Amino acid sequence: MVPADQGGGVMRADLLRETVAGLEEALAAVDAFDQVLGGGLLRPQPAQAAGLTELADAVAGTPLAARVAEAAEKAAGGVAGDDHFVALAAARTALLGSVHDALTARAAEATGRSRGEEPVPAAVGGQQAANLLAAARSWLCDLARSGWRGIDHDVVSGAAQVVSAMLPDPALRRLATLLDGFSAELAASCPGAALDRVPVRRWADLWSRGILLTVPGAADAPATGTATGRLLPLGVDLHEHDTAVQAQVHAVFEPADGTAARLVRASVSVPKPDTVVGAGIWQLLRPHMSLLAAVGEGRSMDLAGMPVTAGGDLLWSDRHANPGEPADAFATARVALPTAVDTATAPLDRHPARIAVPVFLEGYAARQDDDMVVFTVAGQPLAVDTDRIPAAGPLTPEAVAASGACIGLLRWDAGTYRVQPLAVEATVRNKAVALHAGGWAGGTADKAGAKAEKAATDAVAVLRERAGRLLRK
C-alpha cells in the first residue's frame, strides 16, 4: 500500500525493509575474498583457496568469468602475477557495484524518483606515466602477498617513493592521495601480526580501488558539460578528519532551458590543522566556495556555464555563480525534490558505502530507542544515523528526536537503510524552528558557534605567522 503524500515527501518505507534478492550471496563472496587478503597470498592455505573459488563462482555468469577463474587458480597456487590481482580486484569491485545498483534501485522505488542515464566515460586523454602506474600496482600486489597480518614497515614503506613521484602530476594525484593515506594507515598499524582487530572490509576496499586506478585510463576525469540555471541547496554533508575536512552540498538544479530538474552535488576539501575544530572549520572552507555562504543565508545560486560531470558533481568555480533569491531548503524539499531526477553513478564509484540519496520525510513519529533515534514512517521503523551529525552546526541528536520533518540522506550501513539528517524542523522552547547541519556555514551569531569561530581565527593566525617565519628563513 502506498502511504499518503507526506507534504511532498512520499516514502515507501516498507520497501526499504524487504529483502534484496542476491544481496547476501554477493556480500558473502566479497567477505570470503577479504579474508583471503587478511592472511596473504604468498603461501595460500586451503581456506584461502576456497575463498578465491567463491569469488570466481560469484562472477561465473559475467564477462569477467574466464579471467577471474584463471586468476583465482594462480593465486591459490601462490603464483599470481600483477594482472591476476587486477582481475581479482575487478571481480570484487563488480560484486560490490551490483550490490550498490540493487540498493539504489530499491531506494529509487521507495522515493518514486527516476534516475538519470548512465554516465559516458570521457575519451582517454594523454598517456599516463605507465612506469609509475606499474610501480604502484607492484606495491599493492606485494601487500596482497604479505596480507594484513603480514605487513611490516619494510613492506609499507615501499609506497613512499611512488607517491612522491606521482603527486606532481595532476593526472596521477587521485591515486597518489589514496596510496598516501592507505600507506599511512597501514604504517600506523604495523606490525600486522600484533593487531587485535583488522579493518578487513576497509583495507580491502582501499586495496581494490587502488589496484583498479593503476589501470591506464581508469582515473580519467568523467565527461563534463555545463550547467546554467538555478541551484537550490538542500543541505550540507560535512566530513571531518584530523588533517582534512570536506563539505559536500546536496542541491536541486533547475536548468534555465526548462528541462527536468536534477540532483547535483558540489564539494570543497581543504587541509585542516588539528587545532581547528567545531564551527571553526567553516573558516577554512568558505574562501573556496561561495555556495557555503548561500547555504548559511538560505539563498539560491544562479549558475552560468558551471562545469558539471555526467554523475552530477559540480566542479565548483565562483566565477560561474552568483547569489540568487532567498530559497528555503524545506520548501525545496517539499516542492522540487520529489520530481528531481537522481543522477547515475560512475562505475568506480559504485559501492554501498557511497550511497547517499537525498530524501524528505514528514509526518513521522520520532522516538529514542536506547542510543539510537528511530523514525516511524508510514508505520515502518527507519533508523537515524545521528553519529554523522557534525559538531560544526546547530543540529543535534536531541533536535532530531524532537523533529517532525527531516531533509536527509538515505544511506545503507551494517545491513540496513538509515537516514543521515541534514536538517530538521522541530519545536524548541515552544517555538517551531529549522535546524541545519550546515547552518553555520556562512557565519553565526550563536554563542557556541561564535566562540569556536574566534578560537579558530586565533589558531589560524598563529599558524600563518609561524609558516611565514619559516618561509623567511
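The analysis underlying the following values was restricted to heavy atoms, covering all of them including side chains, and did not include hydrogens, waters or symmetry mates. For reference, positions follow the sequence shown, starting with 1. Just so you know, these numbers come straight off a predicted model, no measurement behind them.
Shown here is Asp257, whose CG atom has more than 12 heavy atoms of other residues, nucleotides or ligands within 6.0 Å. The local environment of CD in Glu297 is crowded, with over 12 non-hydrogen atoms from other residues, nucleotides or ligands closer than 6.0 Å.
Atoms CG and CG, from Leu231 and Leu234 in turn, are 9.0 Å apart once rounded to the nearest 0.5 Å. Atom OG1 of residue Thr177 and atom CZ of residue Phe182 lie 14.5 Å apart, to the nearest 0.5 angstrom. Summarising the geometry, atom CG belonging to Leu23 is positioned 9.0 Å from atom OG1 belonging to Thr19; distances are rounded to the nearest 0.5 Å. Atom CG of Leu382 and atom OG1 of Thr416 lie 7.5 Å apart (nearest 0.5 Å). Atom CG in Leu348 sits 6.0 Å away from atom CG in Leu213 (nearest 0.5 Å). For the atom pair CZ of Arg350 and CD1 of Ile355, the computed distance is 11.5 Å after rounding to the nearest 0.5 Å.
Ion pair Arg209/Asp349 flagged as a salt bridge, since at least one NZ, NE, NH1 or NH2 atom sits closer than 4.0 Å to an Asp/Glu carboxylate oxygen. Under 4.0 Å is where a charged nitrogen must lie from a carboxylate oxygen, and between Arg202 and Glu185 at least one such pair does. In this structure, Arg411 pairs ionically with Asp237, as a charged nitrogen and a carboxylate oxygen lie closer than 4.0 Å. By the 4.0 Å N-to-carboxylate-O rule, Glu425 lies close enough to Arg334 to be salt-bridged with it.
Heavy-atom minimum distance, Pro255 versus Ala261: CD-CA, 4.0 Å. Nearest heavy atom pair, residue Ala336 against residue Val252, reads CB-CG1, 4.1 Å. Taking all atoms of both residues into account, the shortest heavy-atom contact from Asp205 to Leu96 is OD1-CD1, 3.7 Å. Considering every non-hydrogen atom in both Ala392 and Trp282, the closest pair reads O-NE1, 2.7 Å. Taking both residues in full, the closest heavy atoms of Gln380 and Ala13 are given as CB-CB, 3.8 Å, listed atom of the first, atom of the second, then distance. The nearest pair of heavy atoms linking Val341 to Ala260 is CG2-CB, 4.2 Å.
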Applying ring-ring contact (aromatic ring centres under 6.0 Å, His included), run through Trp148 and Trp203 and close with a yes or a no. CA-CA 8 Å; Trp148 312 133; Trp203 285 357; 5.5 Å; yes
Evaluation steps, side-chain contact (heavy atoms from CB on, under 4.5 Å), between Thr104 and Asp342: CA-CA 10 Å; Thr104 51; Asp342 284 324; over 6 Å; no
Please test Leu133 against Leu172 for side-chain contact (heavy atoms from CB on, under 4.5 Å), starting from the C-alpha separation and ending with a verdict. CA-CA 8 Å; Leu133 293 176; Leu172 298 174; 3.8 Å; yes
Between Val268 and Leu291, is the side-chain contact (heavy atoms from CB on, under 4.5 Å) condition met? List the steps. CA-CA 10 Å; Val268 57; Leu291 176 59; over 6 Å; no
Report the C-alpha distance between Glu54 and Leu52 in whole Å, list the side-chain angles of each, state the deciding distance to 0.1 Å, and finish with yes or no for side-chain contact (heavy atoms from CB on, under 4.5 Å). CA-CA 5 Å; Glu54 187 169 348; Leu52 290 164; over 6 Å; no
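Under the 3.5 Å distance criterion, the side-chain polar atoms of Thr332 are matched with a main-chain donor or acceptor of Asp328. When atom types are taken as modelled, the side chain of Thr396 and the backbone of Ala399 share a donor-acceptor pair closer than 3.5 angstrom. Using a distance-only test at 3.5 Å, with no hydrogens or angles considered, no donor-acceptor pair links the side chain of Thr226 to the main chain of Met306. Put simply, the side chain of Thr93 never gets that close to the backbone of Ala90: no donor and acceptor are under 3.5 Å apart. Under a 3.5 Å cut-off, the side chain of His351 and the backbone N or O of Ala353 do form a donor-acceptor pair. Side-chain atoms of Thr309 come within 3.5 Å of backbone N or O of Asp313 as a donor-acceptor pair. Proximity of a side-chain donor or acceptor of Asp318 to a complementary backbone N or O of Ser290 within less than 3.5 Å is detected. A distance-only check finds a donor-acceptor pair linking the side chain of Arg299 to the backbone of Gly324 [under 3.5 Å]. Checking side-chain atoms of Trp412 against main-chain N and O of Arg418 turns up no donor-acceptor pair under 3.5 Å. A donor-acceptor pair under 3.5 Å is absent between the side-chain atoms of Arg230 and the main chain of Ala256, judged by distance alone.
Below 30°, between 30° and 60°, or above 60°: for Tyr364 and Phe375 the angle between ring planes is below 30°, a parallel geometry.
Arg113 has its side chain within reach of Val357: a pair of non-hydrogen atoms, C-beta onward, lies under 4.5 Å apart. Inter-residue side-chain proximity for Val359 and Leu337 is flagged as unmet; no heavy-atom pair is nearer than 4.5 Å. Between Thr62 and Val68, the closest side-chain pair of non-hydrogen atoms is not below 4.5 Å. With contacts defined as side-chain heavy-atom distances shorter than 4.5 Å, the pair Leu15/Glu18 qualifies. Within the 4.5 Å cutoff, the side chain of Val249 has heavy atoms near those of the Leu292 side chain. Here the side chains of Arg265 and Leu314 are not in contact, with every heavy-atom distance at 4.5 Å or above. The shortest side-chain heavy-atom distance between Thr228 and Leu303 does not fall under the 4.5 Å cut-off. Side-chain atoms of Trp316 and Ser267, non-hydrogen and from C-beta on, never get closer than 4.5 Å to each other.
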